[in-house]
Structure formats: C-alpha cells, structure tokens
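Each remark here refers to the structure printed beneath this line.
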Amino acid sequence: MNDFLWWRDGVIYQVYVRSFADGNGDGLGDLPGLISRLDYLSDLGIDALWLSPIYPSPDADFGYDVADHAAVDPRYGTLGDFDRLLAEAHRRGIRIVLDMVMNHTSDQHPWFRESRSNRGSARRDWYIWSDRPNNWKAAFGGSAWEHDAATGQYYLHLFTRQQPDVNWRSPEVRAAQLDVFRFWLERGVDGFRLDVYNAYFKDAGLRDNPRKAGLRGFDRQHHLHDMDQPEMMPLLRDLRALLDSYPERYSVGETYLATPAKTVSYCGPDKLHAAFSFDFTRSDLVYPWNPSWIAHRIAARESVFNAAGVWPTTVMSNHDLPRAAGRYSRGEDDAAARMAMALLLALRGTPFLYYGEEIGMRDISLRRREILDPPGKKYWPVYKGRDGCRSPMQWDDSEHAGFSRTAPWLPVHPDFPRRSVASQAADPGSLLSFTRSLISLRRATPALVKGDYAPVAAPRGVLAFLRGLPQRKVLVAMNFGRREAALDLDPAVGMIGRVLLSSQPGSKGMEAGRCELGPLEVVIQEVTA
Ligand code: GLC
C-alpha cells in the first residue's frame, strides 16, 4: 500500500508500561524494559505503540493521576530513556502515542498544591472550587466534591479525590495544557490518546444532573452537565491546528460514556482524528458474545461512522476492561480468542491491540485484600476493578514469567508456564502465530484495511461479512457454533475463492463456491467477480 497512513491503516498496540517488561528489577515495568522488547513488537508487525501514562504519579489511579505532565516517572526511566525509546521505535518504523491525562491532575501536582494553598492563590481558578456541592457523583464512587478544610470550599473530582478536575475555562490552564502537547511534539512524539477528553468542560453554572435508574450513584444520573459541553469544539480545533503544524501527527480520544453518534461528533478534519466508541462492550459488567448482537453493533457503528466520514477504531481489550480472551471463554481454549482477534483485525477501522492479547492472556483473580484498583475496592464483589487485566506480560516460563527478576507489583497469571510468548512463538498453531499471520495478511490485503464493510447472510450461529474494494473482495466468516457450518454466497456478489487464512491449521478449506467452517473456526477467503 503506497498511500499507507500509519494511524489509519496500521495496527496500534497498547503497552501498559508498568506491566510490560521490567528492565531494572524493581517489579515494575519501565522504558528500558520496553526498549528491550521492541524487536518482538516489530516482528509482530504492529505500527505504533500507545503507552499508558509514564509521568510522575503518586499512583492513586496508577499513573492516571499525573503530578508532572512534562517528565518521566523515575520508576519508569528518564527523559533520556524516552528519547532512546522514540529513536529505537522510529528506527523500526514504529510510532509512539502518549496518553494525555488532562481532565484532571494528581492532587500532588504543583498546580493543585498552589490552587489549594489559599483562596487568593494565583492558581485558585485552575481547578473547580465551589462553596456548595451539587449532585454530581464521582465515577469511582461517592460525591464528586471533596471538602477542603483549610480553605473551606469543595473541589470537583470526577474520579478519585486524589484526581481534582482542572478548570479548562481558564485561559491560563488552556495555554499551559497546550504547552504540554507542544513539549512532547517537539521531542518527536507521533500522537496522543486523550484520557476522558469529553469531560474537560463542565456546565458553567454547575447545574445538577437529572436523575435516572442505575446501579451505582454515577449511573443514576444523566451526565448532562458534567461532560460533553459545547466548549469542547473550539478547543479541539486549536489542538488539531497545533497537531497539524507537525507532519502526520495523530489524536485519538477516549470518549467517556461513548456511543458511536457521540464519538463521531468529536472527530473530523478540524477535530480529533479518531475516538473510541467501544462497540463490543455493553457496560462494565456485560459483554455479549453472539453473532446477532455483534452484527448489530457493527451495523450501528458502520452507519454512523460512514455517514460522518469518520474512520472508526476497534477495541476488544484495554486496561479498563476484562480481557476479551477470558470474557468469551472459560479455561484455556483459545478458539474464542481467535475469533475476537479476527474481529479486531478484520473490521473496518484502526485496531488497538492490548499487550498480551496476542497470546490470549487471561485476567488474574485477586482476593479482596489484594485489590489495588480504587473502583474495585469500592464496589467489590459486584465489580472487582481493573487489576485483573493489568497483570505482568507473560514472556516465558521462567520465574515471574520473564517479566522481572523480582516479585512484580501484581501477580503473574498462574497459567504462564503454558501460556507465554516463548511457548507460542514456537507453535505454528498458537494464537500468537495466528495473530502474526492476520496482521501480515492485513498488511498485504488492501481490501482488509480500506475496503467497505458489507454484512453477508449466514446460517444461524455464523457471522460473515465482506470487506471490499471494487477490484478485490474478501470474505470473513466466523462460526460461533460447536457444529460444522457452511456458507454460500449470492453469485451476484461474487465467487468464493482461495482460503487466505484459517484459525484452524490444517482446516480442510473449501470447495469452489463454498465456505466450510469447523466448530468455532474463522476463515478469510478471497472472493472473485
Ligand atoms: C480513563 C482511563 C482510566 C482512568 C480514568 C481516570 O478512563 O482509561 O484508566 O482510571 O480515565 O483517569
């Protein structure tokens, strides 16, 4: 593909840095560790890395409480290590995307320390202070307002109380935050993932949110006034102009409480390049897995993104969700993980692959007293938090799974002697080998990257779709059932041809004009006119 655009046509791999590779043996992943694994990532075929926050942080929310936006946490390395990472990644054709957490800071950030020092502080209005709390709730439980005894006012925090929300209405805050983007752009960073960007602005009058039914306090409100305010649009235009003053820079937003319609409203040539819409999760607790629900979700996103001319993103797993491999299967069988991987890599949109997803890592389970994640502590046992999907990368079967020389910050999943990069690299039938083949097939097949999406009528239990350009089409078919299935294509659409890839090595393939699927098999076949 000679008009290859990395963030549209490539695959982006999310590295949760503290769990990826520990270079200095302190039990936490770090930048030197990550650098030592770049060859692995390059062999996997990915085009960019999104790094979860690497900035100094007291870890009230594991890096999402930032104490200095223009520095590297010494536990992860130095700015020099970061420059080395950029150079080494770029040398391999891999771009670097940083996580920008700008809805809030840590309460230890110098801006907040100054803001809370007294009511007359020059930075008092850099955060949102009020004499009287309104009814807003924190996403991680309780009121969104914390009383500050020293100055007698309340400050707003949509997440933990150690994460005060900044006041984006202050021109000084806006200038300071845009300077942070400039700082990293000048260093050569290729793009940014914007953490909960659609909550930056709050209603100027801090009006109460209307109530609705829901499980947690936060869910029992319509989030009318604490997010998605119109002031976001002019800010996105300024940010985009800044990014466009450098070549091929990218922004992807984490849309909070996303729907496809809400997500596309923030994207466009003078707004974000892309934003997540999380089409395959229904809530923090519900992840349906059947062809009709999935087809319905794909259709919904396709119509909305197509109409808006916005390029979609696809996410099956990330640091906030239970891993897809474990969501869709019990035990160690990877058939469902292969299907989820095929969806991730064969749908129209930029795939975001979460570290360890390529080897089908499962969530760890922790006892209540071992839980570290704030919402997990608050809502256990209804919701156990996000530690489960953040366990150390399983590199090999040595002690601590090759992640570290010492006990890591979270336990390694006990399946690591059987499930690791080393064991799967040696096995052509492994999920890792399947993932590599899929990524390289994508790279070699423009229809899979740029082609339109069209659903195909399929027997019960089978999900099938075409990805196509006028000159070339491919058929992607997945059998969710435990019996064999077969698919015919309307001759007006095309003739089914060669098998390009199957999730079951040694699959018997097809007869001309047919697609034969074993139980839980995925096949990708050529379609000729
Ligand atoms: C985003 C992050 C999540 C974090 C929250 C608060 O949702 O993905 O991990 O806890 O923002 O920063």
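Counting starts at 1 for both ligands and their atoms, in listed order.
- In the vicinity of R386, heavy-atom distances shorter than 4.0 Å reach the ligand 1 atoms 3 (C), 4 (C), 9 (O), 10 (O).
- For R161, the CZ atom is loosely surrounded, since the number of other residues' heavy atoms within 6.0 Å does not exceed 12.
- For atom 12 (O) of ligand 1, the nearest non-hydrogen atom from the set T160, D195, N318 belongs to D195.
- Of the residues listed (T259, T263, T314, N306), the one engaging R301 in a side chain to side chain donor-acceptor pair (under 3.5 Å) is T314, and it is the only one.
- Annotation for K271: atom NZ counts as buried by contact number, over 12 foreign heavy atoms lying within 6.0 Å.
- Protein heavy atom nearest atom 8 (O) of ligand 1, with residue, atom name and distance: D320 OD2, 2.5 Å.
- A donor-acceptor pair under 3.5 Å is absent between the side-chain atoms of D334 and the main chain of L431, judged by distance alone.
- Scanning the protein heavy atoms around atom 4 (C) of ligand 1, the nearest turns out to be D61 OD2, 3.3 Å.
- Aromatic ring centres of W293 and F280 lie farther apart than the 6.0 Å criterion allows.
- Judged purely by atom type and a 3.5 angstrom limit, D190 uses its side chain to pair as donor or acceptor with the backbone of I96.
- Ligand 1 lies within reach of R193, whose nearest heavy atom is under 4.0 Å from it.
- At a 3.5 angstrom cut-off on N or O pairs, Y256 does not count as close to ligand 1.
- Just one of D30, D26, D59 meets the salt bridge (charged side-chain N to carboxylate O under 4.0 Å, His left out) condition when paired with R75; it is D59.
- Contacts between F140 and ligand 1 below 4.0 angstrom, taking non-hydrogen atoms only, involve the side chain exclusively.
- Of all protein heavy atoms, the one closest to atom 7 (O) of ligand 1 is E254 OE2, 2.7 Å.
- Close approach of ligand 1 to H104 (heavy-atom distance below 4.0 Å) involves ligand atoms 6 (C), 12 (O).
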